[in-house]
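The analysis underlying the following values was restricted to heavy atoms, covering all of them including side chains, and did not include hydrogens, waters or symmetry mates. In listed order, ligands and their atoms are each counted from 1.
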Amino acid sequence: MNQSTRAHWSGRIAFILAAAGSAIGLGNIWKFPYITGENGGGAFVLIYLACVAVVGLPILLAEVYIGQKARRNAVEAFELTHKTGTYWRVPGWLGLASAFLILSFYSVVGGWILDFEFRSIINEFGGKSANEIKGTLTSLFTNWPRQLFWHTVFMSLTVAIVLGGVKDGLERWNKILMPALLALLALLLVRVMFLPGFGQAMSFLFSPDTSKLKAAGILEAVGHSFFTLSLGMGALITYGSYLKKKESLPKIVIAVAFIDTAIALVAGIVIFSIVYSFNMAPGAGPGLILVTLPTLFSQMAGGYIISVAFFLLVSFAALTSAVSILETMVAYWTESHNVDRKKSALIVGVVIYLLGLLSVFSTNLLNSPQFKMFAGTLLSKNGLTFFDLFDKLTSSYFLPIGGLLIALFFGWILGEKAIKEATKSDNKLLNKGLLWSARIVAPGAVLDVLLNLVFEWSVLRWLFGMVFG
Ligand code: PFF
């Protein structure tokens with residue numbers, strides 16, 4: 001595509017909505033609550049928040065800037081802002097690998113949400129107890145044809161929206177559905193304030209107890225800050241490449257990170273208020289929201305409508321994120337290999353769909369010791385399913401390492417001039433602060449966490465121990 005005719009967002013607000021649409025998704029509503037539950041609450045939340053502020057923001061700025069400057073896909077953007085043939089294409093490649101793996105399991109979880117939307121519509125949860133709802137979830141996990149069906153629907157919708165292109169496909173939906181999701185979450189927040197478990201949920205989430213946090217939990221918190229902000233794989237380079245050059249970035253970036261974090265926290269408060277009000281287990285794992293929310297809806301006035309609306313909006317939030325992942329790959333194949341946009345969306349979509357089968361079968365056919373052992377030799381002694389493997393590999397390793405490289409590229413290769421251009425400001429404190437956080441702080445934090453994993457010692461862990469004893 002010719003650079004001057006390349007598609008672009010209609011303006012600043014459209015970009016914020018699109019970037020927020022990418023950031024806000026299953027990561028906030030499905031993943032954040034369940035991994036917070038598994039990692040003991042407050043201390044995990046604190047590390048996650050610190051990472052968003054200290055590591056996430058500079059990398060978010062770097063990605064959008066690189067895209068906006070190069071007006072090109074996530075692999076070539078590094079070349080265009082630096083020089084052709086540079087090794088700095090590597091983070092772009094790594095990003096594409098992440099995109100493949102993430103979308104493959106993301107679509108399966110998106111399928112679970114669609115399934116729960118369908119069950120809400122036929123009023124399957126009305127009047128059911130928490131235990132009965134848990135039974136529904138177990139039956140979904142063991143029923144692979146049903147998961148396969150919804151995975152097919154989810155992936156088809158994702159491909160269809162990407163085929164519609166930037167303006168017609170992405171923008172139109174984001175404008176209506178993101179604000180609607182915010183409104184519904186606010187409503188649920190008000191509702192759970194009247195539940196008996198609200199106070200306990202607040203202290204679970206906001207009073208840090210470091211004894212509950214393990215090294216793996218710290219890695220998970222760092223990894224999640226990347227996953228939830230869509231960082232480390234070039235999705236925001238790609239979206240930034242459709243942003244007009246005159247738009248200034250710092251406010252945009254702060255707005256996106258703020259909305260994303262707020263949504264995760266509200267989702268957490270809602271979910272754990274239900275957990276503590278109905279005596280559920282906080283560490284119930286990936287099915288957490290699918291058990292807690294229908295339990296609340298089944299007992300709530302207007303629960304039927306709220307349930308239908310909620311799962312619909314979460315499905316859309318998941319779709320807008322999935323679309324940004326697919327778009328990252330499609331932009332690359334379209335621009336760099338001259339493949340027709342439709343053709344590349346279809347081919348990439350089918351390949352990811354097939355890879356997703358491994359996640360579909362992870363909770364049933366492949367959930368056997370033999371298969372778990374295979375994955376187990378790579379990452380964990382206890383064994384992981386393919387689903388867990390793809391999730392861990394990308395969130396805990398690929399995205400943070402990708403982000404680390406992007407920060408280094410921004411801070412050391414592009415340097416001061418680029419930072420000034422990105423902030424469009426002469427404020428020395430801001431520019432120097434960003435320069436050094438891209439050069440040292442953000443990469444240092446990621447390295448520190450990896451250090452922690454290998455040697456079980458890290459600066460962050462040591463500091464955390466000093467402060468919280
Ligand atoms: N940020 C999305 C979420 O929280 O659901 C997931 C995601 C989208 C991850 C795009 C990575 C990405 F590039």
Can you tell me if CZ on F100 sees more than 12 non-hydrogen neighbours from other groups inside 6.0 Å? yes
Report yes if the distance between the aromatic ring centroids of F390 and F105 is under 6.0 Å, otherwise no. no
Could you go step by step and tell me if W150 and F154 meet the ring pair (Phe, Tyr, Trp, His ring centres under 6.0 Å) rule? CA-CA 6 Å; W150 290 114; F154 190 90; over 10 Å; no
Do the charged groups of E38 and K31 touch, with an N to O distance under 4.0 Å? no
Any N/O of I24 closer than 3.5 Å to an N/O of ligand 1? no
Have a look at ligand 1 and work out which part of S324, if any, has a heavy atom under 4.0 Å from it: side chain, backbone, both or neither. side chain
List the steps, then state whether salt bridge (charged side-chain N to carboxylate O under 4.0 Å, His left out) holds for E327 with R341. CA-CA 10 Å; E327 177 66 27; R341 191 179 158 87; 2.8 Å; yes
If you count the atoms of ligand 1 from 1 in the order shown, which ones are under 4.0 Å from a heavy atom of M233? 11 (C), 12 (C), 13 (F)
If the cut-off is 4.0 Å to any non-hydrogen atom of L26, which atoms of ligand 1 fall inside it? 5 (O)
Centre-to-centre under 6.0 Å for Y242 and H8, is that the case here? no
By number and element, which atoms of ligand 1 are closer than 4.0 Å to a non-hydrogen atom of I325? 8 (C), 10 (C), 12 (C)
When you measure from atom 9 (C) of ligand 1 to every protein heavy atom, which one gives the shortest distance, and what is it? F227 O, 3.3 Å
Hey, would you say the F311 and F118 ring centroids sit under 6.0 Å apart? no
Between the candidates S230, G402, G232, which shows the shortest non-hydrogen contact distance to atom 12 (C) of ligand 1? S230
Can you tell me how far apart CD1 (I254) and NZ (K251) are? Round to the nearest 0.5 Å. 9.0 Å
For ligand 1, which is the ligand I care about here, please tell me if G27 has any N or O atom under 3.5 Å from one of the ligand's N or O atoms. yes
Does ligand 1 have any atom sitting under 4.0 Å from a heavy atom of Y106? yes
Nearest non-hydrogen protein atom, atom 4 (O) of ligand 1: A23 O, 2.9 Å
Within the 4.0 Å heavy-atom shell around A235, which atoms of ligand 1 are there? 13 (F)
Should one rank G234, S395, S22 by closest heavy-atom distance to atom 2 (C) of ligand 1, which comes out on top? S22
Would one find an N or O of L399, backbone or side chain, under 3.5 Å from an N or O of ligand 1? no
Taking the side chain from N364 and the backbone from F141, do they hold a donor-acceptor pair closer than 3.5 Å? yes
